Amino acid sequence: MNIIMAALFLGLLGLLSGILLSFASKKFEVKVDPKIEEVMQYIPSANCGGCGYPGCAALAEAIVNNGVSISLCVAISKRNADAINKIMGVEKNANDNDPLARKAALIRCQGLNTDEYKNFEYAGVKDCQAAVLLQNGPWKCPHRCLGLGSCVNACPFDALKMGPNNLPVVDEAKCVACGKCVDACPKQIIELVPQIKTVHVLCVSKDTGKDTIKMCKIGCIGCGICKKNCPADAIVIENNLAKINYEKCIDCGKCVEVCPRKSIIKESHLDI
Amino acid sequence: MTGSLIGIFLTAIFIENFVLNQILGLCPFIGVSSRTESAVGMGISVTFVMVMAGVATWGVQNLVLVPYSLEYLQTVSFILIIAALVQFVEMVIKKLAPALYKALGVFLPLITTNCAVLGVALINVRRNYGLLESSFHALGGGLGFMLALVIMSGIRERLAISEVPVAMRGAPIAFITAGLLATAFMGLSGLI
């Protein structure tokens with residue numbers, strides 16, 4: 001008798017929940033647009049977040065449902081972007097023809113490696129965020145690259161490596177300008193700049209020239225000599241720091257020659 | 001009445017913490033605790049399911065199992081109910097609250113077989129809790145689970161950038177951390 005009751009009860013319970021679930025799956029069915037799956041096939045799936053959506057699946061959904069352009073994706077190859085545009089019936093990307101649109105990360109510090117400019121030896125956790133917590137890092141210059149590789153760890157595309165001098169080096173072929181390293185750097189040294197430009201100010205110090213000289217041999221002091229010599233009028237001095245306007249810059253390299261501090265550099269191009 | 005409810009609630013969070021004191025639900029505790037973000041998501045999902053399961057199993061226990069003297073089927077029927085319930089809840093929130101589904105969705109199927117959820121149901125029965133007591137016990141249990149998970153994830157995020165001896169990397173150091181955390185939680189036993 002007991003065994004029959006038990007079997008009956010469990011059988012009924014199973015049956016009931018089965019019926020409930022199958023009923024619910026019909027009633028609460030959510031239709032997924034098959035286009036989302038198709039678009040997903042061509043999206044890089046690195047989930048870097050460079051587009052501003054929380055991951056590739058969210059971008060695919062936004063492309064299909066809200067008509068967002070695939071050009072938001074910084075990591076996608078041209079062929080895959082075209083494939084997605086074909087699925088969505090869109091003609092062309094907005095920024096296809098803009099050479100300045102293709103960007104890469106730039107480490108704006110030359111990381112002068114002499115103990116003379118150090119306050120103390122840092123022997124803590126190998127992480128820039130952690131090092132900043134300790135008196136803003138071991139270097140006298142508050143803007144100097146800490147060289148502990150938080151940006152390297154943050155890069156989802158394997159485009160950053162620690163190079164000589166304990167400075168990160170960007171592999172521009174791999175860099176898709178997603179901006180993860182920009183967020184990871186506690187010193188805000190990294191910036192996304194157009195890949196085709198080769199002349200850059202490699203310093204972010206906004207301190208006065210007097211202070212900068214004390215802390216670094218090659219930091220920008222905002223003297224303005226580059227600005228005076230620029231034939232294209234592309235350099236401005238803001239807060240004691242030279243800044244290149246990449247839309248005007250003609251990549252001539254005149255400023256590199258005249259800079260008394262060697263803060264401006266023409267890439268030769270970074271050899272990795 | 002209210003006093004005892006608060007007592008049950010606080011006891012479930014701090015003194016009889018499901019993870020750190022009763023050693024239940026260790027699988028998600030180790031598996032989902034490497035990032036705080038996902039730990040919070042998992043914690044909320046577990047709390048949600050625990051309360052639902054606490055209420056549902058109380059109903060089955062007192063309306064079916066006891067009247068027909070089938071108490072020995074507790075465990076198996078509770079598992080069935082919890083599994084079906086989780087599936088059902090997943091469907092409903094997928095339809096009705098897509099935003100909630102995005103936050104909890106990936107964790108829900110993981111909870112189906114979480115022994116902490118079953119633990120709540122079985123302890124409710126063992127202690128003869130009423131409906132209200134059961135739900136408070138479940139809510140406290142879920143929040144306690146979330147607390148343990150969030151603390152653990154915070155420590156593990158810090159551990160990820162530390163120089164851990166090679167032999168200790170990964171799971172070993174996580175288990176040692178969990179053990180120390182459990183020991184620390186024993187200090188809360190005098191709270192009530």
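Predicted model, so just to flag it, every value in this text is computed and none were measured. Chain letters run A, B, ... following the sequence lines, proteins first, then strands; residues in each count from 1.
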Kindly compute the distance separating OG (B:Ser69) from CG (A:Asn2), expressed to the nearest 0.5 Å. 7.0 Å
Please name the pair of heavy atoms, one in B:Met91 and one in A:Phe28, separated by the smallest distance, quoted to 0.1 Å. O-CB, 3.8 Å
Looking only at non-hydrogen atoms, find the nearest pair between B:Ser77 and A:Leu13 and report the distance. CB-CD2, 3.7 Å
Taking everything shown except A:Glu37 itself, do over 12 heavy atoms lie less than 6.0 Å from its CD? no
B:Glu90 side, atom CD; A:Ser25 side, atom OG - distance, nearest 0.5 Å: 12.0 Å
Atom CZ of B:Phe9 with >12 non-hydrogen neighbours under 6.0 angstrom: yes
Is the CE atom of B:Met168 crowded by more than 12 outside heavy atoms at less than 6.0 Å? no
What's the shortest heavy-atom distance between B:Glu163 and A:Lys126, and which atoms? OE2-CG, 3.9 Å
Tell me, for B:Leu85 versus chain A, whether the close heavy atoms (under 4.5 Å) come from the side chain, the backbone, both or neither. neither
If you count the non-hydrogen atoms of other residues, nucleotides and ligands that lie under 6.0 Å from CD in B:Glu37, is the total more than 12? no
Any chance you could measure A:Leu10, atom CG, to B:Leu80, atom CG, to the nearest 0.5 Å? 7.0 Å
A quick test of your reading: do over 12 heavy atoms of other residues, nucleotides or ligands sit less than 6.0 Å from CG of B:Leu63? yes
Indicate the atoms forming the closest heavy-atom contact of A:Leu21 with B:Gln87, along with that distance. CD2-CB, 3.8 Å
Around atom NZ of A:Lys140, are there more than 12 heavy atoms from other residues, nucleotides or ligands closer than 6.0 Å? yes
Intermediate values then yes/no, side-chain contact (heavy atoms from CB on, under 4.5 Å), A:Leu8 and B:Tyr68: CA-CA 12 Å; A:Leu8 206 65; B:Tyr68 294 94; over 6 Å; no
